[in-house]
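Remarks on the structure that follows.
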Amino acid sequence: MTVARSGDTALVVDTTRRDSPRSSAVIDTSASHPRDTTVAPQLTTGGSSTPSVGPADLEALKGEGLIIPVAGVAAKDLIDSFDDKRGSERHHNALDIMASRNTPVLAAVSGFVVKMHSSVPGGLTIYLSDPTSRFVMMYGHLDSFRPGLKDGDKVTQGEIIGFVGSTGNANPLAPHLHFQITRNDNMREWWKGTPLNPFLVFRPKG
Ligand SMILES: [Zn+2]
C-alpha cells in the first residue's frame with residue numbers, strides 16, 4: 001500500500017487519494033455508513049484537512065471512552081498538533097504523544113487489527129478499528145510491534161500493541177506516538193477515512 005511521500009504524517013487519507021492505484025476506483029456511493037447517513041462519501045474528497053466531520057462524529061467518538069494510548073501519559077501532558085503543517089501543504093491531522101522510547105503503546109479502545117504496516121514516513125504502524133468499524137485509529141513511529149500481534153487479531157482496550165519509537169521520519173531525539181483517528185466511511189476503503197482531532201477527545205475543554 002502506498003502511504004505518504006513526505007512529512008510526518010503517514011497521511012493515508014490524502015496520499016492514497018492521489019497516489020494509490022486503488023483510489024482510481026469509482027467511489028461507491030451505495031455504501032454510505034449505516035450509522036451516519038448524513039455524510040456522503042464523496043463529500044470527503046475535498047482538499048482541506050478536515051472535510052465533513054462534525055460535532056456528531058466527535059460525540060460518537062467520545063462515547064467510545066478512549067483511553068490515552070501511551071502508558072503513563074495524562075491528558076494534561078497532551079499538546080494539540082492536529083493543525084500543524086507538515087511539508088509544504090499537508091496538515092498533520094493527528095496527535096503526537098511524546099514519550100520515552102519503548103514506552104508501552106496501548107489500544108485506545110477495544111477492536112481489531114486492520115493492518116500492521118511499515119512505511120518510509122510512518123515507520124512501523126498499526127491500524128486498529130473499533131468494534132463497529134466506525135473509527136480507524138493509526139499508531140505510528142513504533143519502535144516495535146508487540147511480538148505475536150497480527151492482522152485480524154482482536155484487541156482489548158488497554159492491551160499493549162507495541163512500543164513508542166521514532167521509526168519512519170520521526171526525530172530520533174524525540175520519540176513519540178503518532179496517533180490518528182479517522183471516521184471510516186467505507187470499510188473496503190478504510191484508509192480513506194476522514195480525520196478527527198484526538199486531542200478534542202482526550203481534552204474536551206480548551
Ligand atoms: Zn505525528
Side-chain angles (χ1 to χ4, degrees), residues 1-20 47-51 53 58 61 66-109 113-129 135-146 160-184 190-203:
M1 188 180 86
T2 301
V3 190
R5 293 165 299 178
S6 63
D8 167 29
T9 60
L11 268 179
V12 171
V13 174
D14 283 341
T15 58
T16 56
R17 213 177 271 154
R18 293 166 191 161
D19 300 338
S20 169
S48 67
S49 62
T50 56
V53 290
L58 194 58
L61 188 55
L66 273 64
I67 63 169
I68 295 172
V70 178
V73 174
K76 65 177 176 55
D77 300 326
L78 300 176
I79 297 171
D80 189 359
S81 56
F82 190 74
D83 289 323
D84 287 3
K85 288 284 189 179
R86 292 290 192 276
S88 60
E89 58 173 300
R90 300 180 199 286
H91 288 259
H92 185 222
N93 286 342
L95 175 66
D96 286 342
I97 303 175
M98 312 309 292
S100 300
R101 189 178 304 279
N102 288 322
T103 302
V105 172
L106 315 173
V109 67
V113 178
V114 177
K115 188 162 187 62
M116 298 172 69
H117 184 64
S118 180
S119 72
V120 172
L124 296 181
T125 301
I126 300 175
Y127 296 90
L128 296 185
S129 172
F135 297 105
V136 172
M137 300 170 201
M138 169 190 178
Y139 304 73
H141 300 318
L142 300 176
D143 192 80
S144 60
F145 298 134
R146 191 195 76 204
I160 295 175
I161 58 171
F163 299 90
V164 169
S166 57
T167 54
N169 62 9
N171 181 346
L173 300 178
H176 65 275
L177 176 69
H178 175 93
F179 183 64
Q180 183 173 53
I181 303 173
T182 53
R183 188 195 60 210
N184 180 21
W190 57 267
W191 59 92
K192 290 186 176 181
T194 305
L196 291 90
N197 188 350
F199 182 83
L200 299 179
V201 176
F202 298 127
R203 292 191 63 176

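All ligand and atom numbering here is 1-based and tracks the order in the structure.
- Not a single donor-acceptor pair under 3.5 Å links the side chain of S129 to the backbone N or O of V136.
- Put simply, the angle at the Zn ion (ligand 1) from ND1 in H178 to NE2 in H92 is close to 100°, to the nearest 10°.
- Qualifying side-chain hydrogen bond (donor to acceptor under 3.5 Å, both in side chains) partners for S166, counting only residues two or more places apart in sequence or in other chains: R101.
- Closest N/O/S atom of D96 to the Zn ion (ligand 1): OD1.
- Rounded to the nearest 0.5 angstrom, M116 CE and L124 CG are separated by 8.5 Å.
- The shortest side-chain heavy-atom distance between D96 and H178 falls under the 4.5 Å cut-off.
- With a cut-off of 2.8 Å, the Zn ion (ligand 1) has no N, O or S atom of H176 in range.
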